[in-house]
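Reading through the structure tokens given below for one structure.
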Amino acid sequence: MSFIDLNLNSSLIANVTALGYKNPTPIQAQAIPAIISGNDVLGIARTGSGKTASFALPVLNQLLNLATAVRTRQPKVLVLVPTRELAVQVADVFKELSHNIPHPIKSMAVYGGVAINPQMKAIYGVDILIATPGRLLDLQRSNAVDLSKVKTLVLDEADKMLNMGFQDEMNEIVKLLPKKRQSILFSATLSEQLSGINKVLLSDPVVIQIAEQVADVELINLSGYFVSDDRKGPLLRHLIREQGMKQVLVFTSSGNKAEKVAGKLYKNGIDALSIHGKKSQSARTNALRRFKSGDLQVLVATDLISRGIDINELPYVINYELPRSPKDFVHRVGRTGRAESKGMAITFVTRDETHHFKVILKKMKRYIDMVDSDTLDL
Ligand code: AMP
């Protein structure tokens with residue numbers, strides 16, 4: 001199947017081609033026709049499957065078929081997301097896909113942690129609003145936005161939204177929307193709690209389930225080093241230099257550690273920044289933008305932000321510290337080896353973590369020949 005078979009406006013096809021997408025991914029091939037025909041959709045797919053374009057393309061296509069809108073504070077499409085990073089990322093996809101379309105469609109991300117006033121002003125005339133729940137409610141309460149004309153609701157990463165405790169906000173937001181609308185819900189997993197929500201939100205949805213992420217992990221080249229804590233820094237610098245890594249995402253288990261690791265790399269002449277919960281929103285956005293564009297060599301991050309970070313064809317992930325759960329491990333290494341390009345995930349393991357790492361690998365049905373870093377001249 002090609003994008004041409006999906007009955008999309010030719011300007012949208014030109015934009016996906018310009019982005020280098022050759023064919024629709026499985027979620028796109030199934031979700032785009034279902035959304036265009038006006039169905040509710042329940043998509044079980046994770047970041048990396050191409051899920052964002054699977055709703056962005058049909059949503060833009062539908063808006064292109066409407067007459068040019070009068071500028072109001074009434075968005076027609078609302079995309080709810082759990083995190084600020086995802087809000088920025090989804091808005092970027094909408095912008096990339098809306099170049100040179102027959103009439104302009106304005107999309108915008110709103111999220112907390114930054115001043116509200118500029119958002120209040122900029123929201124005027126927005127067709128597609130991408131929002132985190134708390135900030136959206138603040139904007140609505142101050143009459144900066146009216147949700148009564150929303151035709152399409154998208155809940156992205158709904159499972160994460162529930163895990164982060166946004167259930168009450170979600171309910172409150174849904175009450176502000178017209179009853180008659182199209183609803184689209186994406187989630188990486190289908191939990192019982194989520195099933196409850198689906199039943200309330202979706203009416204007779206087309207259900208699309210994309211294969212489990214473990215299958216994708218098979219594409220990733222995994223390797224591991226036994227290393228003591230005090231030699232992790234030198235080993236990291238050695239690997240970055242020796243393998244000529246130009247874009248590498250490093251994971252630590254705390255924000256403090258992320259800060260320290262990035263600082264040490266920077267002192268040693270390797271361009272690195274950290275990104276974690278305690279950083280200001282603008283610093284986080286800026287680091288992520290620079291990293292995604294290939295301008296920043298190393299990004300050091302915590303698990304909190306690993307979910308939802310989308311970096312296309314990321315060549316290297318390094319686990320500087322092991323995550324506690326196998327699930328987090330999969331999420332971390334899942335940042336690489338995507339869209340059918342092989343990635344490399346390297347894990348640092350201290351001797352007393354050997355058993356824990358074996359458990360993780362067993363869950364992934366993988367085996368690694370570990371390298372002993374004592375044999376390396378660091
Ligand atoms: P997502 O699951 O939406 O986070 O997308 C994952 C990555 O896949 C993004 O970086 C997209 O640019 C890329 N992508 C989305 N659709 C396609 C496609 N049809 N072909 C190749 N890459 C794609």
Side-chain angles (χ1 to χ4, degrees), residues 1-8 12-33 35-36 41-61 79-99 107 109 128 130 154-161 184-189 208-213 215-217 219-220 247 249 288-289 291-294 299 301 305-317 330-343:
M1 155 157 330
S2 79
F3 279 105
I4 299 186
D5 303 320
L6 290 172
N7 278 331
L8 292 164
L12 295 174
I13 295 181
N15 287 338
V16 291
T17 310
L19 284 172
Y21 303 178
K22 291 195 182 73
N23 292 307
T25 63
I27 185 87
Q28 291 162 1
Q30 295 175 69
I32 293 172
I35 297 173
I36 288 186
V41 168
L42 169 61
I44 307 298
R46 63 170 196 118
T47 300
S49 57
K51 68 180 167 63
T52 318
S54 85
F55 60 80
L57 284 167
V59 156
L60 287 167
N61 199 73
V79 183
L80 274 186
V81 295
T83 63
R84 304 153 184 186
E85 280 76 19
L86 189 61
V88 171
Q89 196 173 294
V90 169
D92 282 348
V93 172
F94 271 106
K95 292 210 170 81
E96 283 170 348
L97 293 173
S98 345
H99 281 148
S107 48
I128 302 168
I130 301 120
V154 181
L155 288 182
D156 197 7
E157 298 198 356
D159 50 345
K160 195 169 180 197
M161 210 123 55
I184 300 161
L185 190 149
F186 280 96
S187 175
T189 52
I208 304 167
Q209 185 143 18
I210 298 302
E212 259 288 294
Q213 32 181 280
D216 297 336
V217 170
L219 272 179
I220 301 168
Q247 194 189 32
L249 181 59
L288 205 53
R289 278 237 160 90
F291 186 62
K292 277 172 133 183
S293 71
L299 185 68
I305 65 135
S306 113
R307 262 245 210 171
I309 290 188
D310 155 47
I311 298 142
N312 205 10
E313 300 175 7
L314 187 64
Y316 294 99
V317 163
V330 171
H331 279 293
R332 285 181 181 190
V333 303
R335 304 307 102 210
T336 178
R338 308 164 64 187
E340 285 161 28
S341 71
K342 238 185 185 191

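Note that ligands are numbered from 1 as they come in the structure, with each ligand's atoms numbered from 1 the same way.
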Side-chain contact test, heavy atoms from C-beta onward, threshold under 4.5 Å: evaluate it for F186 versus V79 and give yes or no.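 Not in contact.
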Are N15 and L19 side-chain neighbours, meaning at least one heavy-atom pair lies under 4.5 Å?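 Result no, sub-4.5 Å side-chain heavy-atom pair not found.
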State the atoms of ligand 1, each with its element, that fall below the 4.0 Å cut-off from a heavy-atom position in [X].
X: T52; answer: 1 (P), 3 (O), 4 (O)
X: K51; answer: 1 (P), 2 (O), 3 (O)
X: N23; answer: 18 (C), 19 (N), 20 (N)

Taking S187's backbone N and O only, do any of them form a donor-acceptor pair with D159's side chain (distance below 3.5 Å, no angle check)?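 No.
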Just by modelled atom types, is the I128 backbone N or O under 3.5 Å from a matching donor or acceptor in the S107 side chain?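 Checked: no pair found.
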G20 versus ligand 1: do any nitrogen or oxygen atoms come within less than 3.5 Å of each other?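 No; the residue has no nitrogen or oxygen that sits under 3.5 Å from a nitrogen or oxygen of the ligand.
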Does a sphere of radius 6.0 Å around CG in N23 hold more than 12 heavy atoms from other residues, nucleotides or ligands, not counting ones at 6.0 Å or beyond?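 Yes.
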Check F55 against ligand 1 and report side chain, backbone, both or neither, counting heavy atoms closer than 4.0 Å.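 Under 4.0 Å from ligand 1, F55 contributes no heavy atoms.
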